S.K.: 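Pasting a structure below so you can have a look.
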Amino acid sequence: MITRNRTTVTPRSRTETPRSSVSNKIIRWLLRYPFQRVEDLTLALETSEKTVYRHLARLSEERLVEHITPSLTVKTTCRLYYLSQKGLLIASHQEETSTEAAVDAYDLASALARYWQADEQALLPLLPRLQALLRLQDLVNGLVAQAPGMLAHTGGHRAELAWHWRRDYCYPFLDHEHQWSYEADAALYFHRKAQTMLKGEDYCALLFIDADLASNDNTRQIRRRLEAALRYRAQVERGYLQAPVPMFPPLIVLTRTQRQQEIWQHQAARIANTLRVAPLIGAIAVVPPEQSLENVWTLPWQNLSVAASCRLRDLFLPLAREALPPGLLRPSGLPVKTTDHDRPLLRGVFMQRARTVNPSPQMEEEEQEAVSLLGLCFSQRHVEMLYLLYRSPLLNIEEMAAFLNLQNETVIRYLYELRRYSCVERYIVEQEERWHLSPRGLRFLAASRHVLLEDIAEPEPEGEQGDIIQRGLARLKRSLPLTLAAYTFFSALSDEMYASSENGQERNTLWWEIGNHCEHRYTYRGTRYALRPAAAFIYKSYQTDKVEKVGQRRLSAWVEWDGLSTNEPNLASRLENYAHFVHSREWIAAGISTLPMLLIVTSDTRRATAITELVQQHLAGTGMIVRLTTTASVATHGPLASIWRQLLPASDENTGRGNKKREPAQRPLLDTRQQMV
């Protein structure tokens with residue numbers, strides 16, 4: 001049986017109230033975990049949904065509880081409940097504290113709300129993150145619901161557990177005079193009651209929901225979190241060298257795509273190797289947003305630092321109390337400070353305030369509030385469009401429609417609304433409108449993904465003081481012909497993917513990136529190098545036979561364009577960079593499992609012979625597959641058509657009788673005769 005953690009929740013009413021015990025428990029729970037659904041409260045309080053609904057209705061009538069109804073998907077909304085200011089004051093009377101009895105009730109409520117992050121300053125930043133927070137809540141619920149069986153005693157006896165969790169766990173510490181932040185999206189704690197008179201056991205895990213940013217931006221956040229965890233673990237282990245139990249909790253990570261999973265695994269192994277310590281213990285799984293998390297323990301988990309299957313149950317080992325994240329369990333006393341009674345702890349009524357958001361950017365404090373409230377103004381489709389423009393700045397309407405599988409009119413309507421709130425800006429190219437994120441749009445995206453603004457934005461070089469632009473946007477503008485060619489290429493891929501497939505064939509672009517998102521920086525023999533592909537992608541194709549997928553083929557490729565931009569290095573220099581990257585084996589160190597194919601697209605058909613000679617000169621012996629086509633062929637027939645000439649490795653079909661060379665045959669991109677990933 002699962003019970004609430006009585007080490008952290010010890011209710012003892014100071015005054016008798018006419019409310020039922022269930023209502024008091026709801027108030028207590030919402031103090032610790034704002035923005036809860038009915039199903040979350042049902043699991044936590046071990047009661048029925050009807051009972052929770054009835055008590056929430058009564059608490060709402062008393063104005064102790066408020067709710068918001070965000071748009072979570074295109075067709076889904078739900079109510080998320082939180083305490084009002086009156087509810088916070090009532091909750092403060094139900095808490096057992098070590099403060100003196102003479103402490104002012106308002107000051108006590110302020111201290112509790114600040115500690116449990118239930119006040120105005122804590123709730124506002126959560127509004128843009130609601131979808132990710134509910135995903136995190138589902139992960140917690142799935143772990144808790146099945147924990148008694150998974151953490152069963154020897155002999156299969158179900159465990160009696162007390163549990164507690166902390167959202168946005170963060171603990172600052174110093175390491176070699178440098179400030180670090182040991183953090184996780186949540187820390188989950190279990191206490192297993194012993195079957196006999198022996199002492200119970202403690203279990204803990206750090207939970208992470210991947211931000212799903214572009215590769216290099218995502219890597220910054222992942223490296224920061226993993227390195228801080230490793231450094232803190234080293235400090236703990238230095239104090240307990242002979243500890244008989246683990247001294248650091250496992251990490252549990254959920255990602256949306258296999259691409260993000262690979263980045264986590266590569267960084268976990270690479271950072272541990274850099275610091276010369278053992279990798280962190282943990283598990284990672286790919287779970288698409290549309291997939292439920294009912295059976296969390298049996299997901300296809302892999303080891304956090306290596307692509308190998310693992311069982312989540314094997315990671316949950318009893319921990320010493322000293323190994324638990326500091327501050328996870330409630331301290332004995334709260335620092336109570338005198339509070340300005342004229343300043344409300346919580347203004348609340350977020351839905352009403354969202355209807356009056358100023359569409360124009362404001363001063364700093366007002367702008368932070370406006371960006372947060374936009375989380376209630378936007379539907380999931382708005383957020384998807386902002387995310388697309390972050391991944392691919394300077395798209396036009398037709399390209400956005402292709403990538404999102406929408407009608408042009410639908411894209412225009414959403415763009416109008418985003419522009420009304422000053423989240424996107426136009427960029428005119430030869431009388432054509434293209435779009436990118438504005439400073440407000442960048443701030444909203446950073447808030448919604450819970451990342452530092454510096455991870456996705458940088459100061460504008462020639463703008464006014466305080467203006468920001470997206471990282472890499474200036475470079476995309478400088479090489480605009482190449483940028484537009486890349487969008488033409490990938491929008492054509494998307495059109496073929498969404499088109500009605502023939503003979504049951506399914507196609508899917510797993511991911512694609514351009515510009516600095518797919519850049520690789522590395523050090524070789526003391527010298528810094530950088531490989532900057534114009535684009536990179538992975539494409540998958542398979543035949544469907546009833547419910548099975550057969551004949552699956554997967555292509556990983558880099559893409560280069562020739563003759564489009566005078567600002568880019570010449571093709572010979574770029575091919576030399578590829579050769580060095582491959583020969584130095586840095587592609588393996590970068591976490592690339594199989595060497596990608598190199599696709600070259602030229603705008604000049606007369607350049608074919610010269611390009612072939614350059615490829616032979618620089619890339620022969622690298623083991624790379626290199627193919628060539630023209631921009632006209634891509635525009636006319638599409639990237640998957642039989643438009644590609646294979647330059648490397650030279651195939652037997654290029655030589656006829658008498659060893660006479662003949663023109664290479666035109667092949668489709670997914671040619672079965674080539675080695676696929």
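Because the structure is predicted, anything quoted here is derived from the model rather than measured.
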S.K.: Between Asp185 and Ile209 (side chain of the first, backbone of the second, donor and acceptor by atom type, cut-off under 3.5 Å), is there such a pair?
M.R.: yes

S.K.: Is the closest side-chain heavy-atom distance between Glu458 and Ile469 below 4.5 Å?
M.R.: yes

S.K.: Are more than 12 heavy atoms from other residues, nucleotides or ligands located less than 6.0 Å from atom CD1 of Ile281?
M.R.: no

S.K.: I'd like to check the side chain to side chain donor-acceptor pair (under 3.5 Å) partners of Gln265; sequence neighbours left out, ordered by chain and number.
M.R.: Gln302

S.K.: Would you say Asp210 and Asn218 are linked by a side-chain donor-acceptor pair, where the criterion is simply a distance under 3.5 Å?
M.R.: yes

S.K.: Using 30° and 60° as the class boundaries, would you call the ring planes of His580 and Tyr524 parallel, tilted or perpendicular?
M.R.: perpendicular

S.K.: List the steps and the verdict of side chain to side chain contact (heavy atoms under 4.5 Å, CB included) for Leu174 and Gln179.
M.R.: CA-CA 5 Å; Leu174 284 175; Gln179 186 73 35; 3.4 Å; yes

S.K.: Donor-acceptor pair, distance only, cut-off 3.5 Å: does the side chain of Arg313 make one with the backbone of Phe316?
M.R.: yes

S.K.: Using a 3.5 Å distance criterion without hydrogens, assess whether the side chain of Arg449 forms a donor-acceptor pair with backbone atoms of Ala211.
M.R.: yes

S.K.: Does the side chain of Leu599 reach to within under 4.5 Å of the side chain of Arg627, using non-hydrogen atoms?
M.R.: yes

S.K.: Taking the six-membered ring for Trp, are Phe173 and Tyr171 parallel (under 30°), tilted (30 to 60°) or perpendicular (over 60°)?
M.R.: parallel

S.K.: Check residues 482-489 and write down every donor-acceptor pair under 3.5 Å in which the side-chain atom is one partner and the other belongs to a residue at least two apart or another chain.
M.R.:
{"unit_1": "Thr483", "atom_1": "OG1", "unit_2": "Leu476", "atom_2": "O", "d": "3.1"}
{"unit_1": "Thr483", "atom_1": "OG1", "unit_2": "Ser479", "atom_2": "O", "d": "3.1"}
{"unit_1": "Tyr487", "atom_1": "OH", "unit_2": "Pro393", "atom_2": "O", "d": "2.3"}
{"unit_1": "Thr488", "atom_1": "OG1", "unit_2": "Leu484", "atom_2": "O", "d": "3.0"}

S.K.: Going by side-chain contact (heavy atoms from CB on, under 4.5 Å), name the residues that satisfy it together with Glu183, two or more places apart in sequence or in a different chain.
M.R.: Cys170, Ser181, Arg225

S.K.: Check Tyr182 against Pro249 and note the closest heavy-atom contact, atom names and distance.
M.R.: OH-CG, 3.9 Å

S.K.: Going from CD1 on Ile271 to CD on Glu227, what distance comes out if it is rounded to the nearest 0.5 angstrom?
M.R.: 6.0 Å

S.K.: For Ser491, what residues pass the side-chain contact (heavy atoms from CB on, under 4.5 Å) criterion, not counting sequence neighbours?
M.R.: Glu399, Ala402, Phe403

S.K.: For the backbone of Pro246 and the side chain of Glu237, can you confirm whether one donor and one acceptor N or O come within less than 3.5 Å of each other?
M.R.: no

S.K.: Looking only at non-hydrogen atoms, find the nearest pair between Phe490 and Ile514 and report the distance.
M.R.: CE1-CG2, 4.1 Å

S.K.: Between the side chains of Asp168 and Arg129, is the shortest nitrogen-to-carboxylate-oxygen separation below 4.0 Å, so that they form an ion pair?
M.R.: yes

S.K.: Do the side chains of Arg233 and Leu230 get nearer than 4.5 Å, heavy atoms only?
M.R.: yes

S.K.: Going by the rule ring pair (Phe, Tyr, Trp, His ring centres under 6.0 Å), which residues pair with Trp644 if we only count those two or more places apart in sequence or in a different chain?
M.R.: none

S.K.: Can you name the nearest heavy-atom pair linking Ile643 to Gly638, along with the distance?
M.R.: CD1-O, 3.4 Å

S.K.: Measure from the ring center of Tyr189 to the ring center of Tyr169 and say whether it is less than 6.0 Å.
M.R.: no

S.K.: Can you find a pair of side-chain heavy atoms, one from Tyr539 and one from Leu640, that are under 4.5 Å apart?
M.R.: yes

S.K.: Less than 4.0 angstrom from a charged side-chain N to a carboxylate O is my criterion; do Asp455 and Arg224 meet it?
M.R.: yes

S.K.: According to side chain to side chain donor-acceptor pair (under 3.5 Å), who are the partners of Arg391, at least two apart in sequence or on a separate chain?
M.R.: Tyr387, Glu513

S.K.: Can you name the closest pair of heavy atoms from Arg434 and Leu394 and give their distance?
M.R.: NH1-O, 2.9 Å

S.K.: In sequence, state the C-alpha distance, the side-chain angles, and the governing distance for Gln137 and Asn141, and then conclude on side chain to side chain donor-acceptor pair (under 3.5 Å).
M.R.: CA-CA 6 Å; Gln137 182 74 59; Asn141 291 353; 3.0 Å; yes

S.K.: Does some side-chain heavy atom of Leu254 sit less than 4.5 Å from a side-chain heavy atom of Leu207?
M.R.: no

S.K.: Kindly write out the residues that satisfy side chain to side chain donor-acceptor pair (under 3.5 Å) with Thr523, not counting sequence neighbours, or none if the list is empty.
M.R.: Arg528

S.K.: List in chain and number order the residues that pass salt bridge (charged side-chain N to carboxylate O under 4.0 Å, His left out) with Arg521, two or more places apart in sequence or in another chain; answer none if no residue qualifies.
M.R.: Glu519

S.K.: Working to the nearest 0.5 Å, report the span between CG of Leu388 and CE of Met400.
M.R.: 7.0 Å

S.K.: Between Thr257 and Trp511, is there a side-chain heavy-atom distance shorter than 4.5 Å?
M.R.: no

S.K.: Please confirm whether the backbone N or O of Leu442 pairs with a side-chain atom of Gln470, one donor and one acceptor, at under 3.5 Å?
M.R.: no

S.K.: Are there more than 12 heavy atoms of other residues, nucleotides or ligands under 6.0 Å from atom CD of Glu290?
M.R.: yes

S.K.: From Trp561 CH2 over to Thr631 OG1, what is the distance, rounded to the nearest 0.5 angstrom?
M.R.: 10.5 Å

S.K.: Among all residues two or more places apart in sequence or in another chain, which pass the ring pair (Phe, Tyr, Trp, His ring centres under 6.0 Å) test with His436?
M.R.: none

S.K.: List for me each residue that meets side-chain contact (heavy atoms from CB on, under 4.5 Å) alongside Pro459, sequence neighbours excluded, and say none if there are none.
M.R.: none

S.K.: Main chain of Leu619, side chain of Thr622: is a donor-acceptor contact present, judged purely on distance under 3.5 Å?
M.R.: yes

S.K.: Determine whether a donor-acceptor pair (N or O, by modelled atom type, separation under 3.5 Å) exists between the side chain of His517 and the backbone of Ala535.
M.R.: no

S.K.: Quick one: closest heavy-atom pair of Cys204 and Pro325, and the distance?
M.R.: SG-CD, 3.6 Å

S.K.: Can you name the residues that form a side-chain contact (heavy atoms from CB on, under 4.5 Å) with Asp314, not counting sequence neighbours?
M.R.: Arg311

S.K.: Would you find a donor on one side and an acceptor on the other, under 3.5 Å apart, between the side chain of Asp562 and the backbone of Ile600?
M.R.: no

S.K.: Taking atom CD of Gln616 as the centre, does the number of heavy atoms from other residues, nucleotides or ligands within less than 6.0 Å exceed 12?
M.R.: yes

S.K.: Are any side-chain N or O atoms of Ser438 and backbone N or O atoms of Cys423, one a donor and one an acceptor, separated by less than 3.5 Å?
M.R.: yes

S.K.: Which pair of heavy atoms, one from Trp264 and one from Thr255, lies closest together, and at what distance?
M.R.: CD1-CG2, 3.9 Å

S.K.: Less than 4.5 Å apart, side chain to side chain, heavy atoms only: is that true for Gln646 and Arg667?
M.R.: yes

S.K.: Any side-chain heavy atom of Leu598 sitting closer than 4.5 Å to one from Leu575?
M.R.: yes

S.K.: For the pair Tyr529 and Phe581, evaluate ring pair (Phe, Tyr, Trp, His ring centres under 6.0 Å) and give the outcome as yes or no after the intermediate values.
M.R.: CA-CA 9 Å; Tyr529 296 91; Phe581 190 66; over 10 Å; no

S.K.: Test of understanding: with side chain to side chain donor-acceptor pair (under 3.5 Å), list the residues that count as partners of His583, not counting sequence neighbours.
M.R.: none

